[in-house]
Structures are given as C-alpha cells and as structure tokens.
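One structure is given below, encoded as structure tokens.
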Amino acid sequence: MNDVWFSEPVVIDFEPSGQHKVSSCFEAIECLDQRWPRRARDRAWRSANRVCRDALDGLRSPVEARKTLRKAAKAAGLLG
C-alpha cells in the first residue's frame, strides 16, 4: 500500500510532548491510533480515521483526509 501525502503538513500540538507535523495519511492514522488523547476520541476522530484509511485505499482524496484530520484536531483542541 502506498502512502498518500498531504499538500501541506498538519501541525498537531500534543501537550506536554510538543508539536508533531503530520504529512501523510499513514502518519495521520499512526497519530490518531497511538498519540491521540483518549478523551478526544469522538465522532470527529472516528471520521478522520476512516477518511485517512479510505484515502490510502484510493477511495478519498488527500485533500479530504487532511481536512478531516484538521477538523478532528481542532475539535480536540490540538491544532498547533
């Protein structure tokens, strides 16, 4: 499976470990699964996870994946 790259990284601020640049769908899924706070695993998180996985499968665009990741990060208060 080939990774799908974003046109511009999404900077997510994971306190206290600091900011993390997410540049692709694979990185986004890894971030959503491993670094995302449990308290913020809501509907926006599930949507971002699904859309990023769909983008890896060629069913969604990287633009959609980046947009939903940003929306989830904003909802969680994690946008850097």
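Here D3 contributes atom CG and S24 contributes atom OG; the two are 3.5 Å apart, rounded to the nearest 0.5 Å. Atom CD in Q34 sits 11.0 Å away from atom CD1 in I29 (nearest 0.5 Å). In this structure, R39 CZ and W45 CH2 are separated by 13.5 Å, a value rounded to the nearest 0.5 Å. The NZ atom of K67 sits 11.0 Å away from atom CZ of R70, with the distance rounded to the nearest 0.5 Å. One distance of note links CZ of R66 with SG of C25; it measures 11.5 Å at 0.5 Å rounding.
Contact record, I12 with W36: CD1-CZ3, 3.9 Å, taken as the closest heavy-atom pair. Among all heavy-atom pairs drawn from P37 and F14, the shortest one is CD-CE2, 4.2 Å. Closest non-hydrogen pair, N2 versus L56, comes out as O-CD2, 3.6 Å. For the pair R60 and V51, the tightest heavy-atom approach, listed with the atom from each and the gap, is NH1-CG2, 3.4 Å. Here the closest non-hydrogen pair linking K21 and E27 is O-OE1, 3.7 Å. Among all heavy-atom pairs drawn from S61 and A55, the shortest one is O-CB, 4.1 Å.
D42 places a side-chain N or O within 3.5 Å of a backbone atom of A44 that can act as its donor or acceptor partner. In this structure, the side chain of T68 engages the main chain of E64 through a donor-acceptor pair within 3.5 Å.
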Is there a side-chain contact (heavy atoms from CB on, under 4.5 Å) between V22 and L69? Walk through the geometry before answering. CA-CA 9 Å; V22 178; L69 178 63; 3.7 Å; yes
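Taking a cutoff of 4.0 Å between a charged side-chain nitrogen and a carboxylate oxygen, D33 and R41 do not qualify as a salt bridge.
Partners of D54 according to the side chain to side chain donor-acceptor pair (under 3.5 Å) rule, which considers only residues two or more places apart in sequence or in another chain, do not exist here. For R35, the side chain to side chain donor-acceptor pair (under 3.5 Å) partners at least two apart in sequence or on another chain are S17, H20.
The number of heavy atoms from other shown groups lying within 6.0 Å of CZ (F26) does not exceed 12.
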